[in-house]
Amino acid sequence: MVITTFYELIASELSAILQNNISDERVKAHKNIELNKSYALLVWFLKFYGQKDLYKSYITDGSDDKSCDIIFSNKNVQGEDVFYIVQSKYVQFDKHKKTEEAFPKIKKEELGSTLNDFSMLLSGERVASKNENFNQKYELLKKHLENNGKAKFIFFTLAGTSSSVEESVNAFNKNYAPNVSLEVIDIERIRRDYIEFKYKEVKTENPLEYNYNSEDSTIKLPIERFEGAKRDIFEFEGRAKAFTFLLKPKTVYELFKKYKFSLFFKNVRNPIHRSNYNAKIVETLLKEPDSFWYFNNGITAITNILPDVGVHAKNMTIEGLQIINGAQTVYSIFKAYESATRVQQKAMDVYAKVSIRLIGSSNEAFNLQITRYTNMQNPMENRDFWANDDVQQRLQLESFQTNIWYEKRRDEFQLSEEQQKALGIEIVHNSDMASSYVVFHLQKPKYWNQAALFISRKEQNDGLYEEVFNKNTKFIDMYAARFIESVVISLSEKMFDDSLNKKYDPEQDEQAQFLDIAAATVTQVSIALARVVMQKYFALLRPNPSGKIFNLSLHLLEISKARTGANWIELQKILKYVVSLIVKKIKSFKGDKSEAILRLITMTQQELCDAIAVKIEEDGIDVAAIQAIEL
């Protein structure tokens, strides 16, 4: 989601807040619409990050507030009370400026002023003000800090950040550690959180403490025990400690209601779309709850540490929970329980039991093995097992800055095609993005085994994962590759038909075979060589005396947004020139038609690509010929 689209989305939500709170005295007091939006942003923060609907009592903004707009408390993942002191800064983007200029950066002096006010609050020297709401909250904060409590100061803004801001944050945190910390929530962080919470439906008790590690919560699991039974819980002591026991459907329902799809982060399988639940599971729970245990395989889950469980224990407290097999079971139980009547829910809890195999392990490699083998009975893709890799997570975060979202796990976004269209975004899974990237950025036409993209060379000699996905892999390069691929396909099809179909008769079988092979070759090799030609072209036409390398991917990103103007025309001419080089090479094959077909079949796309690349390196490119091309 490009930044302008996201800002407009937030702006519409701020307008809705003002419209829904038109009787609020603060809204009526401000005649200036921008001041009203600034106030609406405080309400938005409390609803989204603070999860506070009754917002008025937490807003301390007003006369003599000393750069402190909100004070409230919430619990962190350890169950401790944390006070949050928030200073908000509303900014408005200028849609008439270029995208990178439309959003202001946080000014160092502006942040410095706020940090001085935060320091004054911490010093305890602040005198009483006329703002009674602030006075009350400030007294509670002081008592909390005196009792060795924790506090987090937040600078919340719709602007961007810079390295100087990071330096100021680090200095503040060093001075006031360990119980007091500072965090800047800027437009990039807001966009990331919005996508995670809104479109992936990640659920967390406290969004301000959410660090995208879904295993941090302390969870209390009720164990279903039976009077007089000695074997209602089985303990296994092996490489990792494990328990097998039973849960009520109500427990599963409450787990999903509280944590939602974050329960499945370590599950390499589909985290389930809203419409994709198992109707048979739901029907069994509603109509035959006493048959459920016999018909269902249950759940396999991992936790960091398993406690000892006494003979009479009816509850188990664990640190973190990840369901690695049985996501569909969990979601179907949730749907069934949610739709059931009170009597049906009671019957489910009496008669239906859910088996859970709970494994205690913090060994990531071992956990991945468990995940892999517990899912072997279902169709899997190689890419499924890399969903939690650091590179995959980074690429997805980078993709949120564009109108293409990188899907690292199958169907992880809870968005229909209509919703995607309304937001102006497209969700593309990582294997498609990687395929385009390998051809364009690494100049490897598709002669290789595509399945090898997500196979490590440690597992197979032809594995490409480390070559494709590493610290140098950037999403903007993938985006550029996919864009070029789409343009080349549209150009090469027409050019190929116009040139080669005049020379060869498609009615004859062997000639039709030649045309099919040649068409695929033209497209793939053109995509690969496009980057070679463009780099030489721009080096000649846009030399940079300072030695700064021309950012081709950024240039292509800007063209893809506009798809009009001089740069768009220039790009099409370059790509048409590239296609013509390959068509010319194919047409130069000597001999009769059978020999030409044999030559093209035996010459791999990579060999053809390398041969033309060498020729380009030796002879250079004809800039005048490119500019003379008519579209």
Side-chain angles (χ1 to χ4, degrees), residues 1-19 33-34 36-50 86 88-106 154-162 165 183-202 204 207-208 210 212 393-408 412-428 433 474-476 478-479 482-483 553-554 557-558 560-563:
M1 186 187 299
V2 296
I3 202 71
T4 49
T5 301
F6 181 63
Y7 192 94
E8 288 169 354
L9 183 61
I10 294 298
S12 68
E13 292 194 6
L14 297 184
S15 297
I17 287 173
L18 292 175
Q19 186 64 34
I33 187 64
E34 294 309 310
N36 270 345
K37 285 187 177 180
S38 179
Y39 179 69
L41 187 62
L42 300 181
V43 178
W44 189 93
F45 178 92
L46 281 165
K47 288 178 176 290
F48 186 79
Y49 281 108
V86 184
S88 172
K89 177 66 176 177
Y90 172 78
V91 297
Q92 185 178 23
F93 87 106
D94 188 343
K95 61 184 178 182
H96 300 295
K97 292 184 178 181
K98 293 180 180 179
T99 302
E100 62 269 20
E101 298 172 350
F103 293 87
K105 298 286 187 181
I106 299 172
I154 294 173
F155 187 78
F156 176 67
T157 178
L158 296 182
T161 55
S162 61
V165 168
E183 186 171 359
V184 173
I185 298 180
D186 68 345
I187 189 68
E188 290 293 344
R189 163 73 185 274
I190 298 167
R191 175 169 57 181
R192 181 189 70 176
D193 291 343
Y194 194 92
I195 292 171
E196 291 283 338
F197 300 151
K198 191 94 170 181
Y199 301 129
K200 287 189 183 180
E201 296 195 22
V202 171
T204 175
L208 290 171
Y210 182 61
Y212 294 91
Q393 295 188 54
R394 174 176 59 78
L395 288 172
Q396 184 176 85
L397 290 180
E398 290 175 7
S399 78
F400 291 162
Q401 300 175 31
T402 73
N403 62 345
I404 290 181
W405 289 0
Y406 183 87
E407 183 192 71
K408 61 184 177 62
E412 63 184 318
F413 295 101
Q414 306 299 309
L415 283 166
S416 65
E417 289 186 9
E418 291 75 16
Q419 289 173 311
Q420 292 177 47
K421 188 175 180 180
L423 290 169
I425 59 105
E426 179 187 6
I427 295 171
V428 181
M433 296 300 291
K474 302 291 187 291
F475 181 78
I476 190 174
M478 288 189 163
Y479 185 102
R482 184 171 175 81
F483 170 58
S553 293
L554 183 60
L557 175 64
E558 294 304 317
S560 73
K561 294 176 184 176
R563 292 180 185 257

(Q) Quick one, Y49 with I185, criterion side-chain contact (heavy atoms from CB on, under 4.5 Å). Give me CA distance, side-chain angles, the key distance, then yes/no. (A) CA-CA 11 Å; Y49 281 108; I185 298 180; 3.7 Å; yes
Q: List the steps and the verdict of salt bridge (charged side-chain N to carboxylate O under 4.0 Å, His left out) for E418 and K421.
A: CA-CA 5 Å; E418 291 75 16; K421 188 175 180 180; over 6 Å; no
(Q) Working to the nearest 0.5 angstrom, can you tell me the gap between Y194 OH and F48 CZ? (A) 7.5 Å
Q | Steps toward side-chain contact (heavy atoms from CB on, under 4.5 Å) verdict (F45, L208) | A | CA-CA 10 Å; F45 178 92; L208 290 171; 4.0 Å; yes
(Q) Taking the side chain as everything from C-beta on, heavy atoms only, tell me whether L395 gets closer than 4.5 Å to K408. (A) no
Q) Given side chains that start at C-beta, do those of M478 and S553 come closer than 4.5 Å, heavy atoms only? A) no
Q) How many angstroms lie between CH2 in W405 and CE in M1, if you round to the nearest 0.5 Å? A) 4.0 Å
Q: Indicate yes or no: at least one non-hydrogen side-chain atom of L557 is less than 4.5 angstrom from one of K561.
A: yes
Q) Are I187 and I10 close enough that some pair of their side-chain heavy atoms sits under 4.5 Å apart? A) no
Q. Can you name the nearest heavy-atom pair linking Q414 to Q419, along with the distance?
A. O-OE1, 3.8 Å
Q. Angle class for the F475/Y479 ring planes (parallel below 30°, perpendicular above 60°, tilted otherwise)?
A. perpendicular
(Q) What's the separation between atom OG in S15 and atom CD1 in I17, rounded to the nearest 0.5 Å? (A) 9.0 Å
Q.
Does any part of the side chain of K37, heavy atoms only, come nearer than 4.5 Å to the side chain of L18, both counted from C-beta?
A. yes
(Q) Would E188 and R192 count as a salt bridge (charged side-chain N to carboxylate O under 4.0 Å, His left out) here? Give the steps. (A) CA-CA 6 Å; E188 290 293 344; R192 181 189 70 176; over 6 Å; no
Q: Measure the shortest side-chain to side-chain distance between T5 and L423 over non-hydrogen atoms and say whether it is less than 4.5 angstrom.
A: no
(Q) Quick one, Q401 and R191 - any side-chain contact, counting heavy atoms below 4.5 Å? (A) yes
Q: Establish, yes or no, whether the cationic atom of K89 lies under 6.0 Å from the six-membered ring centre of F156 and within 45° of the ring axis.
A: no
Q: First locate atom CD1 of I404, then atom CD of Q420, and finally report the distance between them rounded to the nearest 0.5 Å.
A: 11.0 Å
Q: List the atom of V2, the atom of N403, and the distance in Å for their closest heavy-atom pair.
A: CG1-N, 4.0 Å
Q | Ring geometry between Y7 and Y90 (parallel below 30°, tilted from 30 to 60°, perpendicular above 60°) | A | tilted
**Q.** Interatomic spacing from OH in Y199 to CD1 in I425 - rounded to 0.5 Å
**A.** 8.0 Å
(Q) Go through it in stages, so that I can follow the logic: the residues are E426 and R482, the test is salt bridge (charged side-chain N to carboxylate O under 4.0 Å, His left out), and I'd like the CA-CA distance, side-chain angles, deciding distance and then a yes or no. (A) CA-CA 12 Å; E426 179 187 6; R482 184 171 175 81; 3.4 Å; yes
Q: Find out whether F483 and R563 are in side-chain contact, i.e. whether some heavy atom of one side chain is under 4.5 Å from a heavy atom of the other.
A: yes
**Q.** Nearest-0.5 Å distance, CD of residue Q396 to NZ of residue K200
**A.** 3.5 Å
